[in-house]
Engineer: 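One structure follows; several queries about it will come next.
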2 protein chains.
Amino acid sequence: MTSQGSTRQPKYQRIADALRAAIRSGEYGPGDRLPGENDLMATYDVARMTARQALGVLQNEGLAEARKGAGVFVRAFRPLRRHGIQRLAQEQWGSGRSIWSTDSEDRELIVDQVEVHEERASDEIVVALDVPDGSPVWVRSRRFVLDGKPVLFATSYLPSDVVADSAITQSDTGPGGTYARLAELGHKPVHFREEVRCRMPSTDEAERLALSMGTPIIQIVRTAFAEDGRAVEVNEMTLDSASYVLEYDFDA
Amino acid sequence: MTSQGSTRQPKYQRIADALRAAIRSGEYGPGDRLPGENDLMATYDVARMTARQALGVLQNEGLAEARKGAGVFVRAFRPLRRHGIQRLAQEQWGSGRSIWSTDSEDRELIVDQVEVHEERASDEIVVALDVPDGSPVWVRSRRFVLDGKPVLFATSYLPSDVVADSAITQSDTGPGGTYARLAELGHKPVHFREEVRCRMPSTDEAERLALSMGTPIIQIVRTAFAEDGRAVEVNEMTLDSASYVLEYDFDA
DNA sequence: TAGTGGTCTAGACCACATA
DNA sequence: ATGTGGTCTAGACCACTAC
């Protein structure tokens, strides 16, 4: 009688299911503390590792979050809204609203870990920018911290022959930022492509974004194209998926 | 001397790091078998649970996949490319290519689990479609299976007063599909909004998509708007993040 | 049949958070 | 100071896979 009680489900799954149901039913709301390991051991008469495994399931699902020495708590989802296409002619496609509420724009944004340097393009960047093998590129990276929580970090790659001697090689790119400078250099970006994927973070990424267990990251690779069709910038962004909803608006 | 060897890292993390490095260095390629629990116990002189935990880290990162009774194997990433905006005037923004390779279009697609019925709109759908509380909506859901692997399932919601008596209430919507029928009904979709988020799957979702551990899902909620600005369809799609890269192309 | 991963027990020590 | 989660050990039985 080591494992199965009556059905074919592992104990830790049954416990996790019960907790999950309690969360969904509202018995435990966002921020509430869940029963701890000791509680579960007593309630379900299981070993510590089994109780741990049950709580681990919820954490891996992103439903709960452990705080060392304090307990396991129900997580909330209050995303930022990132407008991929901030058209001018946005008009009022007003009827029908978002599924996810967003209480944005009264929060404090800090830009962090700014780093600018020149290096040889990696294989991936060679392909993405369509430059010769081993070409020099300028690399600009930075991190965004919102109300103390890191939410995104990004790295831009720009061909050196395009941006050399411009403010793009400086920490401060000046008014209008990188794209304004590119325009002045005769390489105004007129078209964009964003590639979006989603995966679990590496250890480094989880650290830089202070992610809790069970939080995937969203990776956006945006390529900017100039009038002549040349790729003039590749921007690789890594987002905390618990902090973001991406929005893309477009016409048929 | 229970835990720390010399640094401040847990044993299982050190083991996981070593394996991860070996994977990234190419020592183990996609599909290769990693050292098993017994191997790790011998190599690193640790208990079974510790070796397990190390392998668990890699699985939760989506880097490895366990097959019962066989071993733990390195996972591959061969995504489909989903073009969010399939503009006509796509032209040749040719220079600069994708970071991720895609070998698409010689594979077999099956549409599965088709279900069409009418029901009362949930709170979320009431908001998204901007219909009165408790309004009836038609619900169309289906699953896509590519080469035997489920990659996506989707559920559409359409206001009953718009689609009543049309082919949209049937399993087969006819040539051109739902949007063609909407156009005939005088509600041609002319504008779209896609909301993209990413999270770990629920048990149900993991099952329907046959996801292995450490695989997040991508959720896309697309709202279609008619000329008069009315929301005429909400389509909620759930994608296997290991099978997809989303692409959005747009002009400045 | 031998080996693999999946589950589970019953202990233990630690660092950390909160009161 | 107490309780929490984090790590770890040394055993065990099971179902499954591959040979």
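All of these numbers come straight from a predicted model, not from anything done at the bench. To find a chain, count down the sequence lines: A is the first, B the second, and so on, and within it residues start at 1.
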Engineer: Under the side-chain contact (heavy atoms from CB on, under 4.5 Å) rule, collect the residues that match up with A/L146, sequence neighbours excluded.
Structural biologist: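 Partners of A/L146 by the side-chain contact (heavy atoms from CB on, under 4.5 Å) criterion, ordered by chain and then number, come out as A/L80, A/R107, A/L109, A/V151.
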Engineer: Indicate every side-chain donor-acceptor pair of residues 62-69 of chain A with a distance under 3.5 Å to a residue at least two apart or in another chain.
Structural biologist:
{"from": "A/E65", "atom 1": "OE2", "to": "A/S212", "atom 2": "OG", "distance (Å)": "3.4"}

Engineer: Is B/R197 positioned over the aromatic face of A/F77, cation under 6.0 angstrom from the ring centre and no more than 45 degrees off axis?
Structural biologist: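 Positive - B/R197 is close enough to the ring of A/F77 and near enough to its axis.
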Engineer: Under the salt bridge (Lys or Arg N to Asp or Glu O under 4.0 Å) test against B/D240, which residue among B/R208, B/K149, B/R143, B/R78 passes?
Structural biologist: B/K149
Engineer: Among residues 38-45 of chain A, which contact DNA chain D at a heavy-atom distance under 4.0 Å?
Structural biologist: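 Contacting residues: A/N38.
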Engineer: Rounded off to whole Å, could you give me the CD-to-P distance for the B/E37 and D/dC8 pair?
Structural biologist: 16 Å
Engineer: By ring-ring contact (aromatic ring centres under 6.0 Å, His included), which residues pair with B/Y248, not counting sequence neighbours?
Structural biologist: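 Partners of B/Y248 by the ring-ring contact (aromatic ring centres under 6.0 Å, His included) criterion, ordered by chain and then number, come out as A/Y248.
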Engineer: Once side chain to side chain donor-acceptor pair (under 3.5 Å) is applied, do any residues pair with A/S202, and if so which ones, sequence neighbours excluded?
Structural biologist: A/E205
Engineer: Using salt bridge (Lys or Arg N to Asp or Glu O under 4.0 Å) as the criterion, list what pairs up with B/R75, not counting sequence neighbours.
Structural biologist: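 Salt bridge (Lys or Arg N to Asp or Glu O under 4.0 Å) list for B/R75, sorted by chain: empty.
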Engineer: Can you tabulate the close N/O pairs, meaning under 3.5 Å, that link protein atoms to atoms of nucleotides 16-19 of chain D?
Structural biologist:
{"from": "D/dT17", "atom 1": "O4'", "to": "B/G69", "atom 2": "O", "distance (Å)": "3.4"}

Engineer: Rounded at 0.5 Å granularity, tell me how far CG in A/L152 sits from CD1 in A/I217.
Structural biologist: 10.5 Å
Engineer: Please say whether more than 12 non-hydrogen atoms of neighbouring residues, nucleotides or ligands are located less than 6.0 Å from CZ in B/R33.
Structural biologist: yes
Engineer: My validator wants the stems of DNA chain C: runs of 3 or more consecutive Watson-Crick or G-U pairs, both distances under 3.5 Å, written as range with range.
Structural biologist: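 The stems are C:1-18 with D:1-18.
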Engineer: Taking CD from B/E65 and C1' from C/dG6, how many angstroms apart are they, rounded to a whole number?
Structural biologist: 16 Å
Engineer: In residues 48-64 of chain B, which ones come under 4.0 Å of DNA chain D, going by heavy atoms?
Structural biologist: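 Listed by number, they are B/R48, B/M49, B/T50, B/Q53.
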Engineer: Would you check if the side chain of B/N60 reaches a backbone N or O of B/V57 as a donor-acceptor pair within less than 3.5 Å?
Structural biologist: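 No, because the side chain of B/N60 does not come within donor-acceptor range (under 3.5 Å) of the backbone of B/V57.
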Engineer: What is the distance, rounded to the nearest whole Å, between atom NZ of B/K11 and atom P of D/dG6?
Structural biologist: 19 Å
Engineer: Would you list the pairs meeting salt bridge (charged side-chain N to carboxylate O under 4.0 Å, His left out) in which at least one residue belongs to residues 40-49 of chain B, sequence neighbours left out?
Structural biologist: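 Of all non-adjacent pairs touching residues 40-49 of chain B, those that pass salt bridge (charged side-chain N to carboxylate O under 4.0 Å, His left out) are B/E37-B/R48.
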Engineer: Hey, which of A/L129, A/V126, A/L158 is the one that makes side-chain contact (heavy atoms from CB on, under 4.5 Å) with A/V137?
Structural biologist: A/L129
Engineer: Please round to the nearest 0.5 Å and tell me the distance separating atom CG of B/L246 and atom CG of B/L239.
Structural biologist: 6.5 Å
Engineer: Return the set of residues passing side chain to side chain donor-acceptor pair (under 3.5 Å) with B/D17 (not counting sequence neighbours), or none when no residue passes.
Structural biologist: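 Residues passing side chain to side chain donor-acceptor pair (under 3.5 Å) with B/D17: B/Q9, B/R20.
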Engineer: Check every atom of C/dA10, C/dG5, D/dG5 against the side chain of A/A47 and return the nucleotide holding the closest atom.
Structural biologist: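 My answer, after comparing the listed nucleotides, is C/dA10.
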Engineer: Using 0.5 Å steps for rounding, measure from the SG atom of B/C198 to the CZ atom of A/R199.
Structural biologist: 10.5 Å
Engineer: Under a 4.0 Å heavy-atom cut-off, which of residues 201-216 of chain B touch DNA chain C?
Structural biologist: none
Engineer: Within the structure, does a side-chain N or O atom of B/Y12 lie under 4.0 Å from either OP1 or OP2 of D/dT7?
Structural biologist: yes
